[in-house]
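Report on the following structure.
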Amino acid sequence: MDIDLTPQLSKKVYGDNGGSYYSWSPSELPMLREGNIGAAKLALEKNGFATPRYSDSSKVAYVLQGSGVAGIVQPESEEKVLAIKTGDALALPFGVVTWWFNKEDTELVILFLGDTSKAHKAGEFTDFFLTGPNGIFTGFSTEFVGRAWDLDDNNVKTLVGKQPGKGIVKLDGTITLPAPKDGDRKGMVLNCLEAPLDVDIKNGGRVVVLNTKNLPLVGEVGLGADLVRLDGNAMCSPGFSCDSAFQVTYVVRGSGRVQVVGVDGKRVLETTLKAGNLFIVPRFFVVSKICDPEGMDWFSIITTPNPIFTHMAGSSSVWKALSSTVLQAAFNVDAETEKLFRSKRTSDAIFFPPPN
């Protein structure tokens, strides 16, 4: 498989003084198209308002920075208004209308990763805006809008033409948006920084996994996700997704080295990862990371709601399951070498602290 896996930064698509929308392009990150995956970021300044829209893709949203308010309307349901903050993950199935608002001084930044297999363009999200000069009303004639909503021509022209902003605007304080409602977060949001840990290795790292048990909506989205926080100089064990899933990783904080090995034992990627990088591991390829002294955090989606991984080191690795004589024959080594190999990693871990 000869394809460019080089990590990439996002590029600005649109925005003004209320904030900006960024995305990753399949032309620069070909694995987006190959894996039918989309990736984008929304950054809102103080009083920035991302106007209501829906998308041609199901997504997982992760709050990278700041706090704010999200409005979510599922098909034939009432609007839910949620307080959101750093570490929150939300599953956004098809047909969901969302809006986002930041009333704080700190920039609100939200990452979107999702499935584009049913999208208009493979590897890209297409948003459909409800209002503004690129909103759906602008495409219908005055007659159609007037008859659908029982409005006269003047009111139609005001309704359709009053909002000049495309997608993101800055509110001036004359409008008070709905306040978050008690209970609306339940079943809609999981905070990955506060949730029970699925993996916790001293001096190694910690993992919170999003799946159908702790955030049932990921089943509708068809994606799983996790937040991994690796301690300084620690290593993430070589492993692969054994259920034919792509793994899409965004580096939230820190830096480190990554290697990916593919078909015929060929190393297809060796590079340094930095905050803001996005990279994708193809199906069945083996990936491992070693972080720098400051540690490294990353948020990933996996293209199945309940992912299964096989790790190549530790007590639960495939090597521990294979018979000793099978390993001797496979490696063409003597029993002493095989025993040394098998005995070196006895902990049931996927993260390894730095050597003493």
Side-chain angles (χ1 to χ4, degrees), residues 7-25 28-29 32 37-55 57 59-72 81-92 96-114 123-135 163-173 175 177 180 189 191-193 225 227 248-255 273-279 297-301:
Q8 298 290 341
L9 298 171
S10 61
K11 291 188 176 179
K12 183 175 176 179
V13 179
Y14 64 85
D16 205 339
N17 59 352
S20 300
Y21 181 85
Y22 304 82
S23 72
W24 285 264
S25 170
E28 297 182 353
L29 191 57
L32 290 172
I37 298 155
K41 283 196 301 187
L42 174 66
L44 294 178
E45 304 292 341
K46 184 175 182 179
N47 294 323
F49 176 51
T51 58
R53 80 278 310 273
Y54 62 93
S55 175
S57 304
K59 307 172 184 176
V60 172
Y62 180 73
V63 182
L64 296 168
Q65 175 184 300
S67 60
V69 180
I72 299 176
V81 182
L82 320 173
I84 57 173
K85 60 182 180 179
T86 302
D88 278 350
L90 304 85
L92 304 174
V96 168
V97 173
T98 64
W99 55 263
W100 311 84
F101 177 61
N102 179 24
K103 62 179 180 180
E104 306 296 337
D105 291 331
T106 301
E107 187 178 45
L108 173 64
V109 184
I110 305 164
L111 173 72
F112 299 96
L113 302 174
E124 296 183 48
F125 298 140
T126 298
D127 288 336
F128 294 81
F129 299 94
L130 271 60
T131 64
N134 56 343
Q163 175 56 267
K166 293 184 178 181
I168 300 173
V169 298
K170 188 166 187 176
L171 302 184
D172 60 8
I175 296 177
L177 294 181
V189 181
N191 189 278
C192 297
L193 300 176
L227 175 68
V248 188
T249 297
Y250 175 86
V251 181
V252 177
R253 181 196 66 85
S255 61
L273 297 172
K274 298 180 180 179
N277 279 157
L278 185 85
F279 79 104
D297 300 350
W298 63 84
F299 184 81
S300 298
I301 63 162

Carefully, step by step, assess I72 and V97 under the rule side-chain contact (heavy atoms from CB on, under 4.5 Å). CA-CA 6 Å; I72 299 176; V97 173; over 6 Å; no
Full working for side-chain contact (heavy atoms from CB on, under 4.5 Å) between Q8 and L278: CA-CA 5 Å; Q8 298 290 341; L278 185 85; 5.7 Å; no
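- Closest heavy-atom contact between K85 and N191: CE-ND2, 3.7 Å.
- Using a 4.5 Å heavy-atom cutoff, the side chains of T86 and L193 are in contact.
- At a threshold of 4.5 Å between non-hydrogen side-chain atoms, the residues L130 and T51 do not count as touching.
- Residue N102 comes nearest to S67 through the heavy atom pair OD1-O, 3.2 Å, listed as atom of the first residue, atom of the second, then distance.
- Across G165 and P133, no two heavy atoms sit closer than the pair O-CD, 3.3 Å.
- The ring-ring contact (aromatic ring centres under 6.0 Å, His included) check on F279 picks up nothing, with sequence neighbours excluded.
- Closest approach of G114 to I301, counting heavy atoms only: N-CD1, 3.9 Å.
- Relative to the six-membered ring of F125, K59 meets both conditions, a distance below 6.0 Å and an angle of at most 45° to the axis.
- Note on ring orientation: taking the six-membered ring where Trp is involved, the planes of F299 and Y62 are parallel (angle under 30°, cut-offs 30° and 60°).
- The shortest side-chain heavy-atom distance between L64 and K41 falls under the 4.5 Å cut-off.
- Residues satisfying the ring-ring contact (aromatic ring centres under 6.0 Å, His included) criterion with Y22, sequence neighbours excluded, are absent altogether.
- With sequence neighbours excluded, the residues that form a side-chain contact (heavy atoms from CB on, under 4.5 Å) with V251 are L273, N277, M296.
- The structure places CZ of F112 at 11.0 Å from CH2 of W24, a figure rounded to the nearest 0.5 Å.
- Counting heavy atoms from C-beta on, the side chains of E107 and E45 come closer than 4.5 Å.
- Remark: W298 engages no residue in a ring-ring contact (aromatic ring centres under 6.0 Å, His included) (not counting sequence neighbours).
- For the atom pair OG1 of T98 and CG of L90, the computed distance is 9.5 Å after rounding to the nearest 0.5 Å.
- Residues satisfying the side-chain contact (heavy atoms from CB on, under 4.5 Å) criterion with V69, sequence neighbours excluded, are V81, W99, P180.
- Residues that satisfy the side-chain contact (heavy atoms from CB on, under 4.5 Å) test with A70, not counting sequence neighbours, are I84, W100.
- In this structure S255 satisfies the side chain to side chain donor-acceptor pair (under 3.5 Å) test together with D292, E294, sequence neighbours excluded.
- Interatomic distance, CZ of R53 versus OH of Y21, reported as 8.0 Å (0.5 Å rounding).
- Taking the side chain to side chain donor-acceptor pair (under 3.5 Å) definition, one finds that K103 meets it with nothing, sequence neighbours left out.
- Rounding to the nearest 0.5 Å places CZ of F101 at 9.0 Å from CG of L44.
- Considering CG of L42 and OG of S20, their distance stands at 9.0 Å, rounded to 0.5 Å.
- Every residue two or more places apart in sequence or in another chain was checked for a ring-ring contact (aromatic ring centres under 6.0 Å, His included) with F129, and none qualifies.
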Side-chain donor-acceptor pairs under 3.5 Å in residues 9-19, sequence neighbours left out?
residue: K11; atom: NZ; partner: E28; partner atom: OE2; Å: 2.6

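- Under the rule for a side chain to side chain donor-acceptor pair (under 3.5 Å), the partners of D297 that lie at least two apart in sequence or sit in another chain are R253.
- Contact check for Q163 versus V169: side-chain heavy atoms found under the 4.5 Å cut-off.
- Of all the heavy atoms in S300 and T249, the pair that sits closest is OG-OG1, 2.9 Å.
- For the pair G66 and L108, the tightest heavy-atom approach, listed with the atom from each and the gap, is C-CD1, 3.9 Å.
- Shown here are the side-chain contact (heavy atoms from CB on, under 4.5 Å) partners of E124, two or more places apart in sequence or in another chain: P26, K121.
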